[in-house]
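Below: one structure, written as structure tokens.
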Amino acid sequence: MSYSVKDLGGEILLIENLLEPSLCSHIIDIAESSHFTPASILIGTVDADVRSSGLLKLDPKNSLLKSTNELLIGKISIVQQALFKCYGVKFPYAETCSILRYLPGQHYKRHVDNVLLTSRFQEIEQGIPTRDVSVVGYLNDCEGGETLFDRQNIKVKPQMGSVIVFPSYYTHPHQALPVTKGRKYAWTSWLYH
């Protein structure tokens, strides 16, 4: 199965079939054998009214999670090539990936991805790079759980193996709509230069 890149408009790319179904199932199995923590909205700030999913950071200190991160980073190289083709800009650095698990009713309200602390100055002080590009991959199909970009009037339904790629900035606020049935598994990373 080969991947394909679709321009959804509004600087949002959809890469279909980036991950094989067997790899998606394998990553879900690994995630379920690990420990999810409540997802935060800023570094260290949990607010379940805003974001109610579980988060599993692919910690490099754990060999199984480290190898899972390496698998996903290998797939991100395809995303980086697609971005270079579209924009002529290289985004050579990727953050460690995380796995997200949304249960029925869980969501993430409207937000932008490149704000991690209350000020950019704090981020610079702590050596946190500015996220330029968001990568959100879907590990399974589910009911509900769409990613909504209200400014661009684009809604993306979770589709196993697919990835959406978009600017992390204020121009692309988005939200994960509530899952209505089943569980939604996704993975995330961010690119920067």
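Throughout, numbering of the chain's residues begins at 1 and tracks the sequence.
Proximity of a side-chain donor or acceptor of Gln126 to a complementary backbone N or O of Glu123 within less than 3.5 Å is not detected. Under a 3.5 Å cut-off, the side chain of Gln80 and the backbone N or O of Phe91 do form a donor-acceptor pair. Between the side chain of His107 and the backbone N or O of Gly145, no donor-acceptor pair lies under 3.5 Å. In this structure, Gln106 contributes its side chain and Ser52 its backbone to a donor-acceptor pair below 3.5 Å. Judged by distance alone, with hydrogens and angles left aside, the side-chain atoms of Arg183 form no donor-acceptor pair with the main-chain N or O of Cys142 at under 3.5 Å. Distance alone, capped at 3.5 Å, is enough to place a donor-acceptor pair between the Asp141 side chain and the Met160 backbone. Here the side chain of Thr180 pairs a donor or acceptor atom with the backbone of Glu143 at under 3.5 angstrom.
For CG of Asn153, the number of neighbouring non-hydrogen atoms (other residues, nucleotides, ligands) closer than 6.0 Å is 12 at most.
Under the 3.5 Å distance criterion, with hydrogens and angles disregarded, a donor-acceptor pair is assigned to the side chains of Trp190 and Asp113. No side-chain donor from either of Ser168 and Tyr192 sits under 3.5 Å from a side-chain acceptor of the other. Judged by distance alone, the side chains of Thr96 and Asn69 never bring a donor and an acceptor atom under 3.5 Å apart. Of the N and O atoms on the side chains of Ser98 and Thr188, not one donor lies less than 3.5 Å from an acceptor on the other residue.
Both tests do not hold together for Arg101 against Tyr185: distance to the six-membered ring centre under 6.0 Å, angle to the ring axis within 45°.
Separation of the His172 and Tyr169 ring centroids does not fall under the 6.0 Å cut-off. Centroid-to-centroid, the aromatic rings of His193 and Tyr93 stay 6.0 Å apart or farther.
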For residues 39-51, which side-chain donor-acceptor pairs fall under 3.5 Å, sequence neighbours excluded?
from: Ser40; atom 1: OG; to: Leu42; atom 2: O; distance (Å): 3.1
from: Asp47; atom 1: OD1; to: Asp49; atom 2: N; distance (Å): 3.0
from: Arg51; atom 1: NH1; to: Ser40; atom 2: O; distance (Å): 2.6

Could you go through Glu95 and Lys57, starting from their C-alpha distance and side-chain angles, then the distance that decides it, and tell me whether this counts as salt bridge (Lys or Arg N to Asp or Glu O under 4.0 Å)? CA-CA 11 Å; Glu95 280 187 38; Lys57 292 187 183 226; over 6 Å; no
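Between Asp150 and Arg110 there is a salt bridge, since a side-chain N of the basic residue sits under 4.0 Å from a carboxylate O of the acidic one.
Partner of Leu13 under the side-chain contact (heavy atoms from CB on, under 4.5 Å) criterion, out of Ile164, Val135, Val165: Val165 alone.
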